[in-house]
Amino acid sequence: MTDRDPSVRVRFAPSPTGPMHIGGVRTALFNWLFARHHGGTFILRIEDTDQKRYSEDSIHLITEGLRWMGIDWDEGPEVGGEYGPYVQSERVDLYREWADWLVDHDLAYRCYCTPGRLAALREQQIAEKRDPGYDRHCRYLTPEERAANDAEGKPYVIRFKMPTEGATTVHDLIRGDITFENTQLQDLVLLKSDGFPTYHLANVVDDHFMKITHIMRAEEWISSAPVHKNLYAGFGWEMPQIAHLPVILNPSGKGKLSKRSAGFSEGGRKIPVLLYEFQDAGYLPEALVNFLTNVGWSFGEDREVFTVDETIERFDLDRVNPAASIFPVEKLDWLNGVYIREMDPAKLAQLLMPVFTKAGYEVNPEILVGAAPLLQPRIKTLNDALEMGRFFFVDPFEPPAVADLVQKGMDTPRTLDALEKALARLDALPDFAAATQEAAMRALIEELGLKVGQLFGALRAATTAQQSSPPLFESVEVLGRDESLRRIRLALDVLRNA
RNA sequence: GCCCCCAUCGUCUAGAGGCCCAGGACGUGGCCCUUUCAAGGCCAAGACAGGAGUUCGAAUCUCCUUGGGGGCACCA
């Protein structure tokens, strides 16, 4: 690989506020791919600086989710590393130290404004149709006023002194230069009154001390980029290279894909958004990885299906598309189907086992092994197997209604007659292989002067109680002679009682 | 409202001035195969948002318009 560069250090820095969002997973994946492509280091860092939104098990959700996707990290929680700790709540002293450093160097100041005043200010600004934002009241406090506030023990936050004139240009690796007028920039809060840092401070400090070389984050961070650039300048640190990944939009195209859009259905179907929803729906991690790399990035060469190794070989920022894209779920369904079809049937059987048992079926492993290859070309998600293959395991088996047994152009007596004869022939077969069955049944069709579908349809209904199923005789073979014949007898009873 | 980003088939995208009256994929329609449902094969419809420039030549460069998205917290 020509662009191998072991000094590359990138990070995925999620906030543990709940289950992982698929957009976050994509960000993690692109960072990981970038690191692996360059032979660099991929770091996982937990940004748990919001005490109010923190949720205990989220870290676990994140690490397990990444592992499931096949994304491993070289430094971070559970694996350690020489730039740790990798959980921000364990680094608060560091942030405080550097916030104070900025205050000492007159690059930041203590702000004693109460949340109440801020809210009122904001309301007033909006009412007067002015841009909302902090009015820098405390930036211009006299030393005496400051001392008085401190003497009173007033709670405070530390705010950064943003330059008030000029412009800040950020070079985005995907979009090129982006320039902001400094008057647009806010004196953002660096340290909250609870002593915890905000994202901006913690992020800059950590990226610096963790020697991050490239930042790849979602597009919604673009407007903080100039702010961060000024922070780096204040500290006198070199800013990592930066790239903003396009956001993923709702299927409706309205707004970014969010947890709320999980309720959005297309064709009456729920759209998964959180990683566990994809897992629960029966998507494969390999398919999801392949799918995600096709959103906002493309392999080129007119190829849509490729392995992770091929992606690593090829992945770089120059092929990242700056435009936001709608989440193409239908394509994921197709791709997942592709991966299922390419899978070793034994592996599929193994994956299908928990799907059926979770749904309450008692699974005969032998039948499952036989059923897997039959189900394989017919399902897009593992869960689809439930509908197509439930007849293999359903217990007790409910025979179909008369209407389902009697095929087009048939009536009850003729169906009864045909099925009775079919039963007798199947019972007498020397072996129960699909081909043997089929030959016998085709001969019977000939004798009775029926259409193929008239008997096959009745047999399908009798043995599966489903409208559609995998190929009839293969299915019946897997089901076994005893159970199949038993089901046909049940169907005969239904017809006799009609 | 202000700032910023973006703009190729319905959708995901290829395209870095002539290879493009725009290629691939999903989806859709048709045909073939076929015992149902799939899978598979073949075929079809389908896009450079609009307008000015620059250039011998523009999907590709510039500007404007329009449209979409993102951001404007003691959340990340």
### Task
Let me see the working for A:Y156 and A:N149 under side-chain hydrogen bond (donor to acceptor under 3.5 Å, both in side chains), right down to the final yes or no.
CA-CA 9 Å; A:Y156 63 86; A:N149 281 325; over 6 Å; no

### Message
Need the pair for B:G10. Rule: Watson-Crick or G-U wobble, both distances under 3.5 Å, any strand; none if unpaired.
### Response
B:C26

### Summary
Taking a pair to mean Watson-Crick or G-U wobble geometry with both distances below 3.5 Å, B:G17 pairs with none

### Message
Base, sugar-phosphate or nothing for A:R341? Non-hydrogen atoms, less than 4.0 Å.
### Response
sugar-phosphate

### Query
Would you call A:K421 and A:D417 a salt bridge, using N to O less than 4.0 angstrom?
yes

#### Entry: Distance in angstrom units between A:R159 CZ and B:C74 P, rounded
6 Å

### Interatomic distance, A:H228 NE2 vs B:C4 C1' [rounded to whole Å]
15 Å

### Rounded distance (Å) that lies between atom P of B:C12 and atom CD1 of A:I326
5 Å

### Query
Mind checking the P distance from B:C9 to B:U60? Whole angstroms is fine.
14 Å

### Task
Using atom CZ of A:R26 as one end and atom P of B:U13 as the other, report the distance to the nearest whole Å.
9 Å

### Task
Rounded off to whole Å, could you give me the CG-to-C1' distance for the A:L188 and B:A76 pair?
13 Å

### Message
Rounding to an integer number of Å, can you tell me how far A:H244 NE2 sits from B:G69 C1'?
### Response
15 Å

### Query
Does B:A52 have a Watson-Crick or wobble mate here (both distances under 3.5 Å), and if so which one?
B:U62

#### Entry: Atom C1', compared across B:G10 and B:A45: separation rounded to whole Å
12 Å

### Message
Please report the distance separating the P of B:C56 from the corresponding atom of B:A49, rounded so that it comes out in whole Å.
### Response
25 Å

#### Entry: d(CZ, A:F291; P, B:A25) in whole Å
18 Å

### Query
Is there a Watson-Crick or G-U wobble partner for B:U35 with both distances under 3.5 Å, and if so, which one is it?
none

### Query
Hey, does A:P322 reach any base, or is it just sugar-phosphate, or nothing, if we go heavy atoms under 4.0 Å?
sugar-phosphate

### Base-pairing mate for B:A47 - Watson-Crick or G-U, with both contacts under 3.5 Å
none

### Task
Assess whether one donor atom and one acceptor atom, taken from the side chain of A:T198 and the base of B:C74, lie less than 3.5 Å apart.
no

### Query
Considering only B:A76, B:G68, B:A39, which nucleotide approaches the side chain of A:P377 most closely?
B:A39

### Query
If you measure from the C1' atom in B:C75 to the same atom in B:U8, how many Å do you get, rounded?
37 Å

### Message
Tell me which residues in residues 169-184 of chain A lie within less than 4.0 Å of RNA chain B, going by non-hydrogen atoms.
### Response
A:R175, A:I178, A:T179, A:F180, A:Q184

### C1' gap between B:G50 and B:U66, integer Å
7 Å

### Message
Does A:P470 reach a base, just sugar-phosphate, or nothing at all? Heavy atoms under 4.0 Å.
### Response
base

#### Entry: Separation between the P atoms of B:C74 and B:C48, rounded to whole Å
46 Å

### Task
On RNA chain B, check which nucleotide each of A:V247 and A:C111 is closest to and give me the residue with the more 5' one.
A:V247

### Message
Measure CH2/A:W334 against C1'/B:A38 and give the value in whole Å, please.
### Response
16 Å

### Message
Could you work out, with side chain to side chain donor-acceptor pair (under 3.5 Å) as the rule, every residue matching A:R425, not counting sequence neighbours?
### Response
A:E447

### Nearest-nucleotide 5' precedence on RNA chain B, A:E474 against A:I379
A:E474

### Message
Give me the distance, rounded to whole Å, that separates B:G46 from B:C37 when you measure between the C1' atoms they each carry.
### Response
28 Å

### Query
What does B:C2 pair with, Watson-Crick or G-U, if both distances are under 3.5 Å?
B:G71

### Query
Roughly how far apart, to the nearest Å, are B:A14 and B:A59 at atom C1'?
12 Å

